[in-house]
Amino acid sequence: MDENTSNFIHDFIDEDIAEGGPYAGKTVHTRFPPEPNGYLHIGHAKAIYIDFGTAQKYGGVCNLRMDDTNPAKEDTEFVDAIKEDIHWLGFDWGDRFFYGSDYFEQTYAYAEELIKKGLAYVCGLTPEEFREYRGDTSTPARSPYRDRPVEESLDLFRRMRAGEFPEGKYTLRAKIDLASGNFNMRDPVLYRIRYIEHHRQGTKWCIFPMYDFAHPIQDAIEGVTHSLCSLEYEDHRPLYNWVVENVSVPSKPRQIEFARLGINHTVMSKRKLRKLVEDGRVSGWDDPRMPTICGLRRRGYTPQAILSFCERIGVAKMPSTVEYGFLEHCLREDLNEKATRVMAVLEPIKLTITNYPEGKAETFMVENNPNHLEDGQREVSFSRNLYIEAEDFMEVPSPKYFRLFPGNEVRIKGAYVAKCTGCVKDENGNVTEVLAEYDPESAGGDPKDGRKVKSTIHWVDANTAVDAEVRIYDNLFSDPDPDSGEKDFLTCLNSDSLRIHSGCKLEKSLENAVFPHSYQFMRKGYFCVDNRDSSKEHLVFNRSVALKDSFNK
RNA sequence: UGGGAUAUAGUGUAAUGGUAACACACUAGACUUUGACUCUGGUAUUGUAGGUUCGAGCCCUGCUAUCCCAGCCA
């Protein structure tokens, strides 16, 4: 996290670690606690950035903890993926990797402590009764087992653990306030019975702590000072604090909430992403159309771009929705700086240089990155027969069209300037070939007489061109917004999120080329190779593929 | 409705009682071996009505709008 940036969380921490504050002289300690029930997405990237970044800013540490207190939802499959994605983003938890479930024994002991203090009791309400007895905004909850003697609760709780009762028969509840306006405080359930194999604990346990009880205890055991989480836990903070204060935990962490990330038209809930995977709408969690970290990785996003995005969207308490274009901007900015350029023609049409000798070939050197000449040059071959982008020729130019049309001169990037002399059409009147004459005195692209050309176009030598299928992936947009609830988000997904261009002509072999992505983005002119193999370099197609409409206004 | 939060430009954030700033987007222009990039200019009296003050985005009061919670999920 940038030393210069600051947000309200930092303000709180500054107070806490200042002279006389509750954590004066202590190391700032945070944690990132994903539930291993899915892959991390761009929303998690924000949380990761805040959790790890805040620790970094204060010279503290951040734990990675799998929040696995619900055996029904969690799976080991996701643990490694989560670790990989966090590492890829550039954060490291050192040796502080934990499982919430590793604290089950201690958590259990704290539960017994509460019972002995008279602050928790075993409740015999069925789930249905529980709902009935909960009361409403004007009616306090009722809890007939609230005054069960300590010894009896203790005995029942131990027998719950021993597996003497079926699921739903008993729960352990905290004794707090049945009349609270905050329903989380109406004697919340602390433990429930579940006969499901836990992904790590196996069948050792049949009672599992609820998030509200487990989380503050886990934080406290690990010495977390600041437990940063999203806004929906604001209502839970009183309960979080109640646990910290009433259980003899070794430290007193503080929970601070911030607004989670929303991106317009982007599917961001794990539940929905899972559905996309399960329904086969995408090839997997790492499908390049997915907003998952691994999907973005394959779509060509760099960790720096994502981090820059997280940095710049800021941290606040106001729920907000960032424009997807801002994420694209952060990527363009990063790729523009460091990606290698190549020429590729997506929709090729022949360009014949009629006054260039048949059979002649020469090569030109082209810079790999115009912003960084130190990145060197590469050799490209040139001949009489080239491929250019079909839209770089218009027989009848629209206003402000500067590229090839009869009589107009353009620069063939890195090679020569050439003047369009006409075109060849098939029997249907479709243009099949563009004709031009080059200026032999303009090798390298600059005419000897210093005359200017208005436009430069990219191209590929027909003799050396590599044929390829190019897949352009776009973010899987949903319109209306997936959370609007107006329609099923599945029916509103953009259908052209994957466009396959076959017969593309590339300067060199780009196996499995993937182009990110939206038309808007392409207009700005970038693509990269499929980054499933992250060792592959990023390539930038430094050419505007403007919407045709934009010429005609 | 009961509880919890939040309101600054189209979007996201700054400004901690003293000239409303930055980025994205949009827009006009300059530059350019790609119409990209880069550069320059333009775009808000801070949800609303009052109050305190020499001075209010900030403090106070009322109102309005939006979001979250009301699982034996996290």
Side-chain angles (χ1 to χ4, degrees), chain A residues 5-7 11 33-35 37 67-70 72-74 100 123 125-127 130-131 134-139 141 167-173 179-186 188-194 207-208 210-212 214-215 229-238 257 259 261-262 264 270 312-330 332-333 336-337 341 343 366-367 370-371 389 392 400-403 410-415 417 444-446 452-459 523-526 540-546 550-551:
Chain A
T5 62
S6 190
N7 58 51
D11 294 342
E35 185 183 16
N37 66 346
D67 204 350
D68 56 353
T69 55
N70 183 351
K73 292 169 64 180
E74 293 135 10
C123 175
L125 253 28
T126 65
F130 186 89
R131 215 169 301 127
R134 189 165 47 220
D136 55 39
T137 53
S138 52
T139 321
E167 289 189 9
K169 172 80 173 167
Y170 289 116
T171 57
L172 182 72
R173 291 227 258 162
S180 174
N182 181 350
F183 279 62
N184 294 310
M185 300 300 270
R186 293 191 174 185
V189 171
L190 267 23
Y191 266 88
R192 76 284 215 189
I193 301 172
R194 281 285 177 281
I207 57 171
F208 295 90
M210 298 288 288
Y211 166 88
D212 282 316
H215 206 85
C229 63
S230 49
L231 240 35
E232 63 261 36
Y233 294 103
E234 264 178 328
D235 284 343
H236 296 249
R237 191 179 345 124
E257 311 86 10
L261 172 65
N264 59 359
K270 257 191 211 173
R312 294 158 74 177
I313 54 175
V315 182
K317 294 199 72 162
M318 179 176 68
S320 57
T321 304
V322 178
E323 288 174 357
Y324 187 80
F326 190 55
L327 179 59
E328 291 181 324
H329 164 81
C330 293
R332 279 199 299 274
E333 186 177 61
N336 185 47
E337 187 58 29
R341 272 69 164 168
M343 291 195 283
V366 180
E367 71 278 4
N371 297 331
E389 209 70 63
D392 282 351
K400 290 192 176 178
Y401 187 81
F402 309 129
R403 286 173 269 165
V410 301
R411 178 182 294 107
I412 312 290
K413 183 172 172 64
V417 296
D446 279 321
K452 302 281 186 192
V453 292
K454 202 83 164 121
S455 188
T456 302
I457 63 171
H458 62 276
W459 53 280
R523 189 159 68 77
K524 304 285 188 176
Y526 297 89
V540 167
F541 177 36
N542 189 19
R543 166 72 173 81
S544 154
V545 183
S550 67
F551 306 135

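Convention: sequence-line order gives letters A, B, ...; per-chain numbering from 1. Excluded from the calculations below are hydrogen atoms, water molecules and symmetry mates; all remaining heavy atoms, backbone and side chain alike, are included.
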Quiz item: So does A:R192 get a side-chain nitrogen or oxygen closer than 4.0 Å to the phosphate oxygens (OP1/OP2) of B:C73?
Solution: yes
Quiz item: If only side-chain N and O atoms of A:T69 are considered, is one of them under 4.0 Å from the OP1 or OP2 phosphate oxygen of B:A74?
Solution: yes
Quiz prompt | Test item: A:V189 and A:F130 side chains (from C-beta on) under 4.5 Å apart, heavy atoms | solution = yes
Quiz item: Taking the P atom of each, how far is B:C37 from B:A28, in whole Å?
Solution: 15 Å
Quiz item: Which is true for A:N70 with a 4.0 Å heavy-atom rule: it touches a base, it touches only sugar-phosphate, or it touches nothing?
Solution: sugar-phosphate
Quiz item: Under a 3.5 Å cut-off for both distances, is B:U32 Watson-Crick or wobble paired, and to whom?
Solution: none
Practice problem: Looking at every strand, decide which applies to A:I412 at a 4.0 Å heavy-atom threshold: base, sugar-phosphate, or nothing. | Solution: nothing
Practice problem: Could you tell me whether A:L231 contacts a base, only the sugar-phosphate backbone, or nothing, with contacts defined as non-hydrogen atoms closer than 4.0 Å? | Solution: nothing
Exercise. May I ask you to verify if any side-chain N or O of A:R237 is less than 4.0 angstrom from the OP1 or OP2 atom of B:A5?
Key: no
Quiz item: If we only count heavy atoms from C-beta on, is the A:D212 to A:P188 side-chain gap below 4.5 Å?
Solution: no
Practice problem: Determine the Euclidean distance between corresponding C1' atoms of B:C63 and B:A7; express it in Å to zero decimal places. | Solution: 14 Å
Quiz item: CD of A:E328 versus P of B:U11: gap in Å, rounded?
Solution: 18 Å
Practice problem: Taking only the side-chain heavy atoms of A:N182 (C-beta and beyond), determine which of B:G3, B:G12, B:G10 contains the nearest atom. | Solution: B:G3
Exercise. Identify whether any heavy atom of A:T126 sits under 4.0 Å from a base atom; if not, whether one sits that close to sugar-phosphate; answer base, sugar-phosphate or nothing.
Key: base
Quiz item: Does B:G10 have a Watson-Crick or wobble mate here (both distances under 3.5 Å), and if so which one?
Solution: B:C24
Quiz item: With respect to the phosphate group of B:C73, does any side-chain polar atom (N or O) of A:K73 fall under 4.0 Å of OP1 or OP2?
Solution: no
Quiz item: In whole angstrom, what separates A:W459's CH2 from B:U34's C1'?
Solution: 14 Å
Quiz prompt | Gap between atoms CD and C1', on A:E333 and B:A25 respectively (whole Å) | solution = 14 Å
Self-check item: CA sep, side-chain torsions, deciding dist, call: A:D68, A:K73, salt bridge (charged side-chain N to carboxylate O under 4.0 Å, His left out)
Solution: CA-CA 8 Å; A:D68 56 353; A:K73 292 169 64 180; over 6 Å; no
Quiz item: Paired with B:G50: which nucleotide, if any, by Watson-Crick or G-U wobble criteria at under 3.5 Å for both distances?
Solution: B:C60
Quiz item: Across the strands shown, which category fits A:F326 at heavy-atom distances under 4.0 angstrom: base, sugar-phosphate, nothing?
Solution: sugar-phosphate
Quiz prompt | A:Y233 or A:K452, whichever maps to the more 5' nucleotide of RNA chain B | solution = A:K452
Quiz item: What integer distance in Å separates A:D11:CG from B:U13:P?
Solution: 15 Å
Quiz item: Contact class for A:H236 (heavy atom, under 4.0 Å): base, sugar-phosphate, or nothing?
Solution: base
Quiz item: NA contact type, A:S138, heavy-atom cut-off 4.0 Å: base, sugar-phosphate, or nothing?
Solution: nothing
Quiz prompt | Nucleotide B:C24, atom C1' - distance to CD of A:E323 in whole Å | solution = 7 Å
Quiz item: Would you say A:P33 and A:H215 make side-chain contact, with heavy atoms under 4.5 Å?
Solution: yes
Self-check item: Value rounded to 0.5 Å, distance of SG in A:C229 from CZ in A:R237
Solution: 8.5 Å
Self-check item: Donor-acceptor contact below 3.5 Å, side chain A:R173 vs main chain A:L190
Solution: no
Exercise. Name the nucleic acid region contacted by A:N264, choosing base, sugar-phosphate or nothing; use a 4.0 angstrom heavy-atom cut-off, strictly under.
Key: nothing
Exercise. Whole angstrom is fine here: how far is it from NZ in A:K317 over to P in B:U13?
Key: 13 Å
Quiz item: When the C1' atoms of B:G50 and B:A15 are considered, how many whole Å apart are they?
Solution: 25 Å
Quiz item: Expressed as a whole number of Å, how far does the C1' atom of B:C59 sit from that of B:C68?
Solution: 27 Å
Practice problem: Classify the glycosidic conformation of B:G42 as syn or anti, calling it syn when the angle lies within 90° of 0. | Solution: anti
Exercise. Consider the side chain of A:D67, meaning its heavy atoms from C-beta on, and name the nucleotide among B:A74, B:U13, B:C72 that approaches it most closely.
Key: B:A74
Exercise. With the side chain of A:R403 defined as its heavy atoms from C-beta on, choose the nearest nucleotide among B:C72, B:G35, B:A5.
Key: B:G35
Quiz item: Touch check for A:M185, heavy atoms < 4.0 angstrom, all strands: base, sugar-phosphate only, or nothing?
Solution: nothing
Quiz item: Which part of the nucleic acid, if any, lies within reach of A:R312 when heavy atoms closer than 4.0 Å are counted: base, sugar-phosphate only, or nothing?
Solution: sugar-phosphate
Quiz item: Can you tell me how far C1' in B:U48 sits from the matching atom in B:C39, rounded to whole Å?
Solution: 41 Å
Quiz prompt | Between P of B:A30 and NZ of A:K454, the distance in whole Å | solution = 8 Å
Exercise. May I ask you to verify if any side-chain N or O of A:R131 is less than 4.0 angstrom from the OP1 or OP2 atom of B:A70?
Key: no
Quiz item: Taking atom P in both B:A20 and B:A56, what distance in whole Å separates the two?
Solution: 12 Å
Quiz item: Looking across every strand, which nucleic acid part, if any, lies under 4.0 Å from A:Y191 by heavy atom: base, sugar-phosphate, or nothing?
Solution: nothing
Self-check item: Residue A:D235, side-chain heavy atoms: nucleotide from B:A5, B:G3, B:U11 that is nearest
Solution: B:G3
Quiz item: So what does A:E35 hit on the nucleic acid, given a heavy-atom distance under 4.0 Å: a base, only sugar-phosphate, or nothing?
Solution: sugar-phosphate
Quiz prompt | Residues A:K317 and A:E234 bridged, charged N to O under 4.0 Å | solution = yes
Practice problem: Just name whichever nucleotide pairs with B:U16, Watson-Crick or G-U, keeping both distances under 3.5 Å, else none. | Solution: none
Quiz prompt | Check: A:I207 and A:R192 side chains under 4.5 Å, non-hydrogen atoms | solution = no
Quiz item: Does B:G71 have a Watson-Crick or wobble partner in any strand here, with both distances under 3.5 angstrom, and which is it?
Solution: none
Quiz item: If you measure from the C1' atom in B:G62 to the same atom in B:A25, how many Å do you get, rounded?
Solution: 37 Å
Practice problem: Give the ring-plane orientation class for A:F326 versus A:H329, where under 30° counts as parallel, over 60° as perpendicular and anything between as tilted. | Solution: parallel
Quiz item: From B:A25, B:U34, B:U8, pick the nucleotide closest to the side chain of A:M318?
Solution: B:U8
Quiz item: How would you label the contact of A:R134 with the nucleic acid (heavy atoms, under 4.0 Å): base, sugar-phosphate, or nothing?
Solution: sugar-phosphate
Quiz prompt | Atom-to-atom span, CD of A:E232 to P of B:A70 - whole angstrom | solution = 11 Å
Quiz item: Of the nucleotides B:A25, B:G12, B:A14, which one has an atom closest to the side chain of A:R332?
Solution: B:A25
Self-check item: SB check A:E337 A:R332 (cutoff 4.0 Å)
Solution: no
Quiz item: How far, in whole Å, is B:C58 from B:U52 if one measures between their C1' atoms?
Solution: 13 Å
Self-check item: Which residue lies more 5' along RNA chain B, comparing A:E367 with A:T171 via nearest heavy atoms
Solution: A:E367
